[in-house]
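Here is the structure we will look at, set down as structure tokens.
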Number of protein chains: 4
Amino acid sequence: MSTNNKTNRQKDMSFIEKARRAQIIECAIETIVEVGYAQASLGKIAKRANISKGVISYHFLNKEELLEQVVIEYYLACHSFVYPQIEVLTSPKDMLQKYIEAHLTFADKNRKHVFAVMEIVSNGRTSDGKLKFATDHDENIFQPIEDILRLGMREGAFWEFSAKSARVIALTIRQSIDGFSIELMRNPQINVKEYIQELVTIFDKATRK
Amino acid sequence: MSTNNKTNRQKDMSFIEKARRAQIIECAIETIVEVGYAQASLGKIAKRANISKGVISYHFLNKEELLEQVVIEYYLACHSFVYPQIEVLTSPKDMLQKYIEAHLTFADKNRKHVFAVMEIVSNGRTSDGKLKFATDHDENIFQPIEDILRLGMREGAFWEFSAKSARVIALTIRQSIDGFSIELMRNPQINVKEYIQELVTIFDKATRK
Amino acid sequence: MSTNNKTNRQKDMSFIEKARRAQIIECAIETIVEVGYAQASLGKIAKRANISKGVISYHFLNKEELLEQVVIEYYLACHSFVYPQIEVLTSPKDMLQKYIEAHLTFADKNRKHVFAVMEIVSNGRTSDGKLKFATDHDENIFQPIEDILRLGMREGAFWEFSAKSARVIALTIRQSIDGFSIELMRNPQINVKEYIQELVTIFDKATRK
Amino acid sequence: MSTNNKTNRQKDMSFIEKARRAQIIECAIETIVEVGYAQASLGKIAKRANISKGVISYHFLNKEELLEQVVIEYYLACHSFVYPQIEVLTSPKDMLQKYIEAHLTFADKNRKHVFAVMEIVSNGRTSDGKLKFATDHDENIFQPIEDILRLGMREGAFWEFSAKSARVIALTIRQSIDGFSIELMRNPQINVKEYIQELVTIFDKATRK
DNA sequence: AATGAATGAGCATTCATTCAT
DNA sequence: CATGAATGAATGCTCATTCAT
């Protein structure tokens with residue numbers, strides 16, 4: 001199992017190994033934020049970390065693995081932050097509200113990391129040109145919102161939209177969350193609390209009976 | 001003034017010149033869609049156009065100008081398509097609905113071009129690392145929606161949201177329009193008409209009294 | 001047909017293109033002879049040619065193609081030199097003698113090229129580690145000698161060796177020809193005429209009734 | 001003297017030291033056979049031995065010494081195997097026959113080692129580009145055959161070839177022995193006994209009165 | 001108006017070697 | 001004894017750009 005694999009692998013890593021990888025990942029994130037995905041070379045990442053390029057190759061199989069690690073770390077951290085807050089809730093309305101609030105809070109607290117992940121996810125392609133993270137995204141990102149929407153519909157908490165409606169609403173919510181991260185980069189002094197409140201209101205109105 | 005400059009320049013162009021530029025722009029779009037912004041080199045664009053790399057340099061100052069041209073062409077075409085449809089309307093509600101509908105229709109009819117522009121806008125950076133199209137975007141893209149929202153608020157067509165609310169709503173609408181283009185690439189067989197209807201409904205609910 | 005392809009390709013090449021390729025191939029040969037296969041980098045080849053590394057990439061798809069071209073050029077030149085001399089003969093004994101003599105003469109006149117080809121053929125591997133030119137060698141190199149041997153056997157010109165004997169004799173002759181090129185590099189002042197005579201004698205004795 | 005040096009050095013080695021060196025040498029051989037001289041890096045050798053790269057550097061001065069050791073070990077083992085078999089003979093004819101037979105038998109029983117040595121000997125160069133093992137080869141390899149040939153000539157066992165003939169015959173015999181190893185790699189299911197017989201016959205015919 | 005040719009910087013990656021622990 | 005960590009040079013290759021023709 002891949003999760004298990006991962007755990008074992010990390011267990012097997014020495015403290016120094018983990019620290020170096022963390023440092024490199026951190027510098028990769030900062031480099032991507034600063035110069036953008038296309039210009040973020042291993043050389044620039046190494047320079048930022050004050051290490052030689054070879055060190056990155058020593059700790060990561062290749063550039064791909066490094067960037068994947070940035071993405072994976074985000075998925076895990078984001079999931080760990082968001083889902084405990086949702087699972088304790090019972091009302092779909094509250095769950096949707098918390099979903100938005102938690103994701104925006106996470107994006108706010110991890111601005112660079114989240115922005116870097118979006119750069120990687122939207123630019124990372126396989127050698128045949130296809131977007132690498134497209135399917136993962138689909139399954140792991142949209143599904144949970146749709147689940148909440150469907151639950152709410154069954155319980156009569158939302159207006160009676162169709163399955164297709166649910167999908168579009170889910171997409172729109174996700175886009176507004178990702179869009180928030182972008183807006184945060186362009187406009188760092190945003191009042192986050194207010195933004196959250198606005199977004200919650202918008203989707204409360206959009207879904208309520 | 002830049003607009004004037006532009007016009008003069010285009011006037012001065014021969015028919016062949018314009019045709020070549022159009023062909024190159026077309027191929028640039030297709031290349032970006034196919035391999036992504038980071039991998040879209042002048043070499044690949046030239047190969048797709050069956051011309052030598054030098055031709056591109058001959059017709060465009062540099063890569064930057066070519067990509068800018070892709071974006072500018074989009075802005076002009078999109079504006080020409082959307083605004084005549086809005087300007088004939090008087091009700092803010094109708095205007096908002098038409099704004100969404102027209103943009104989605106345009107994105108559907110110009111899938112590749114719109115997707116390419118998004119790639120360029122979200123990746124294009126100046127040599128100091130800053131996003132090149134960030135401010136243009138702000139002024140040309142968000143303002144019109146905010147105008148509609150403000151108008152509707154003054155006329156009592158929408159609930160009484162604040163200026164900040166208006167901004168968030170505008171952002172969310174734009175994000176949902178851009179997100180539609182991305183979704184269209186991932187999932188080309190989407191029922192566009194339905195999608196438009198869903199989105200119109202969402203933002204009608206989100207803004208109505 | 002590959003030969004035809006080749007011809008067409010070369011026909012399509014401009015004079016300059018052909019000259020550059022020839023120059024690069026020449027420098028590749030000299031570099032390989034001077035520093036050996038493993039140390040013959042594109043950088044060193046470019047430096048010897050007083051051109052930038054990029055020029056090589058411009059004229060050849062990659063290093064592999066360049067080295068293959070060195071080999072192919074040799075095969076064609078060697079074949080053109082050797083076979084006309086053999087085809088006019090009717091006696092298998094004479095043919096074998098001429099085979100040896102012509103190959104050694106060619107190797108003598110094209111010392112560097114032949115040595116370089118041997119370096120490439122004996123070191124060139126595919127990404128899975130297998131020798132790249134092994135099979136070509138088999139078919140194009142050993143077959144002709146075996147043909148002569150078989151013909152001679154049928155005509156009673158040689159002693160009645162078996163098919164397996166023929167193969168070992170063919171191998172041994174080839175090895176002595178390739179070995180001559182290596183010896184020529186180690187010991188450039190060899191008296192080639194004498195060497196040829198000795199080798200002809202050895203294999204005349206080894207095959208005669 | 002280097003031999004003495006060597007002996008002292010090996011005497012000083014602990015059991016573990018010797019075992020480690022043997023293991024590393026073994027893995028170096030296998031790596032060279034599998035991927036070729038140019039691609040046989042210390043990293044790959046270490047991976048095959050399940051040790052860290054540093055271990056190799058610890059036990060060997062550098063890559064050069066490791067490869068030299070592979071060659072030296074072969075020289076010693078080959079010599080120990082071949083010469084006792086020859087020294088007991090008195091007839092030059094028998095000695096030549098045994099020389100061929102013993103070398104081919106050794107090459108058969110130590111396929112990988114012998115092939116690796118040939119890769120090293122034909123590729124190993126000093127920093128100034130000259131073949132490292134060229135002279136060693138000359139002295140240790142060709143001399144013994146020439147000795148047998150000269151002896152046989154003095155005794156009237158062979159036809160009366162000149163000194164130069166003797167050298168070419170010696171070269172040809174060595175080339176056929178080395179060539180056998182290469183053929184063995186390309187074609188591992190060769191009938192070795194038969195091959196030996198064929199080669200013995202060839203050079204018996206080539207040298208007899 | 002177009003092209004082929006060349007450049008030189010930059011890219012990801014591999015490598016032999018060194019060294020502190 | 002052995003290792004993990006790091007280095008810095010070198011490798012093959014791609015790229016945007018320039019320029020003579």
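Chain letters run A, B, ... following the sequence lines, proteins first, then strands; residues in each count from 1. What you see is a predicted model, and the numbers here were worked out from it, not measured in a lab.
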Next on the checklist: So for atom NZ, which belongs to D:Lys112, do other residues, nucleotides or ligands contribute more than 12 heavy atoms lying within a distance under 6.0 Å?
Outcome noted: no

Rounded distance in Å - [atom1] ([X]) to [atom2] ([N]):
X	N	atom1	atom2	value
C:Ile16	F:dT21	CD1	P	10 Å
A:Arg21	F:dA5	CZ	P	11 Å
C:Ile56	E:dA5	CD1	P	15 Å
B:Tyr37	F:dA16	OH	P	10 Å
A:Lys18	F:dA5	NZ	C1'	17 Å
A:Glu65	E:dT13	CD	C1'	14 Å
B:Gln23	E:dA1	CD	P	15 Å
A:Glu17	F:dA6	CD	C1'	12 Å

Whether the side chain of [X] engages the backbone of [Y] through a donor-acceptor N/O pair (distance < 3.5 Å, no angle test) should be reported.
X	Y	value
B:Glu119	B:Tyr37	yes
D:Lys63	D:Leu42	no
B:His113	B:Val70	yes

Go through [options] for me and flag the one nearest to the [X] side chain.
X	options	result
C:Asn62	E:dA12, F:dC13, E:dT7	F:dC13
C:Lys63	E:dT13, F:dA2, F:dC13	F:dC13
B:Ser57	F:dT18, F:dA5, E:dA5	F:dT18
A:Arg20	E:dT7, F:dA6, E:dA2	F:dA6
B:His59	E:dA2, F:dA5, F:dA2	E:dA2
A:Val55	F:dG12, F:dT7, F:dT3	F:dT7
C:Ser14	E:dA12, E:dA5, F:dG4	E:dA5

Item to check | Close approaches to DNA chain E from residues 39-51 of chain A, in residue order (heavy atom, under 4.0 Å) | outcome: A:Ser41, A:Leu42, A:Gly43, A:Lys44

Checklist entry - Where does DNA chain E form stems of at least three consecutive Watson-Crick or G-U wobble pairs, each pair having both distances below 3.5 Å? => result E:2-21 with F:2-21

Checklist outcome for this item: Judged by nearest nucleotide, the residue sitting upstream toward the 5' end of DNA chain F, D:Ser52 or A:Ser52, is D:Ser52

Item to check | Side-chain touch C:Gln69/C:Ile24, heavy atoms, less than 4.5 angstrom | outcome: no

Heavy-atom pair with the smallest gap, counting every atom of [X] and [Y]:
X	Y	result
A:Val121	A:Leu131	O-CD2, 4.0 Å
C:Arg125	C:Lys132	C-CG, 3.8 Å
C:Ile32	C:Ala40	CG1-CB, 3.7 Å

Item to check | Residues D:Arg48 and D:Glu34 bridged, charged N to O under 4.0 Å | outcome: yes

Next on the checklist: With nearest nucleotide decided by heavy atoms, which residue, A:Gly54 or B:Tyr58, maps closer to the 5′ end of DNA chain E?
Outcome noted: B:Tyr58

Next on the checklist: Any N or O donor-acceptor pair under 3.5 Å from the base of E:dT13 to the side chain of A:Lys53?
Outcome noted: yes

Checklist entry - What residues form a salt bridge (charged side-chain N to carboxylate O under 4.0 Å, His left out) with D:Glu73, not counting sequence neighbours? => result none

